Amino acid sequence: MTILEIILGIAFLVAVIGLSYYMITINRFKRFLHFEADAKAHPSDDKIKEYMRLYEKTYIPNQPHIRETRAAFYRAIKESDQVSYEVKKELRSFFEAKEITVLTTLKKDIPDED
């Protein structure tokens with residue numbers, strides 16, 4: 001076996017491992033999104049705790065629209081009467097630790113007085 005064959009074999013192996021890792025990461029994120037939708041539709045304390053556990057194990061891209069989706073999830077859970085206040089606080093602290101802003105402020109337009 002020549003050096004070139006060894007290098008090509010290693011490059012192929014690295015490519016296969018990289019592609020496998022990418023596929024696993026994408027599938028985990030998809031499963032997480034499905035679980036998130038289910039937890040949002042049918043919230044409970046157990047589902048929210050499982051959500052936080054899954055969040056820790058899943059690669060979540062750090063992009064503004066994805067972070068806003070997590071904040072929207074929190075707001076939906078906050079409005080639910082199926083989730084206890086303690087779990088809502090825990091979820092809020094969890095998101096704040098991840099630097100996801102969950103509080104919203106409404107900007108009121110104040111008319112100019114001329």
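Keep in mind that this is a model prediction, so the values were computed, not measured.
The nearest pair of heavy atoms linking Ala39 to Ile77 is O-CD1, 3.9 Å.
If you run ring-ring contact (aromatic ring centres under 6.0 Å, His included) between Phe73 and each of Phe94, Tyr51, Tyr55, only Tyr51 comes through.
Partners of Glu90 according to the salt bridge (Lys or Arg N to Asp or Glu O under 4.0 Å) rule, which considers only residues two or more places apart in sequence or in another chain, do not exist here. Residues that satisfy the side chain to side chain donor-acceptor pair (under 3.5 Å) test with Glu56, not counting sequence neighbours, are Lys98.
Sorted by first and then second residue, the side-chain hydrogen bond (donor to acceptor under 3.5 Å, both in side chains) pairs with a member in residues 80-89 read Asp45-Ser84; sequence neighbours excluded.
Summarising the geometry, atom CD1 belonging to Ile3 is positioned 11.5 Å from atom CG belonging to Leu8; distances are rounded to the nearest 0.5 Å. Rounding to the nearest 0.5 Å gives a distance of 12.5 Å between CG of Leu54 and NZ of Lys47.
Contact check on Arg53 versus Glu50 returns a salt bridge, with a Lys/Arg side-chain nitrogen under 4.0 Å from an Asp/Glu carboxylate oxygen. Residues Glu79 and Arg75 are not paired through a salt bridge, judged by the lack of any N-O separation under 4.0 Å between the basic side chain and the carboxylate.
Connectivity analysis of hydrophobic side chains (ILVMFWY, heavy atoms under 4.5 Å, direct or indirect) links Tyr59 to nothing; its cluster partners are none. Cluster partners of Leu13, by chain and number: Ile17. The rule joins Ile, Leu, Val, Met, Phe, Trp and Tyr whenever side-chain heavy atoms lie under 4.5 Å apart.
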All N/O donor-acceptor pairs, side-chain side in residues 24-34, below 3.5 Å, sequence neighbours left out:
| residue | atom | partner | partner atom | Å |
| --- | --- | --- | --- | --- |
| Thr25 | OG1 | Tyr21 | O | 2.8 |
| Asn27 | ND2 | Met23 | O | 3.2 |

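Counting heavy atoms from C-beta on, the side chains of Ser44 and Ile48 never come closer than 4.5 Å. Proximity of Ile60 to Arg70: side-chain heavy atoms (C-beta onward) are separated by under 4.5 Å at one or more points. With a 4.5 Å cut-off on side-chain heavy atoms, Lys78 and Arg92 do not count as touching.
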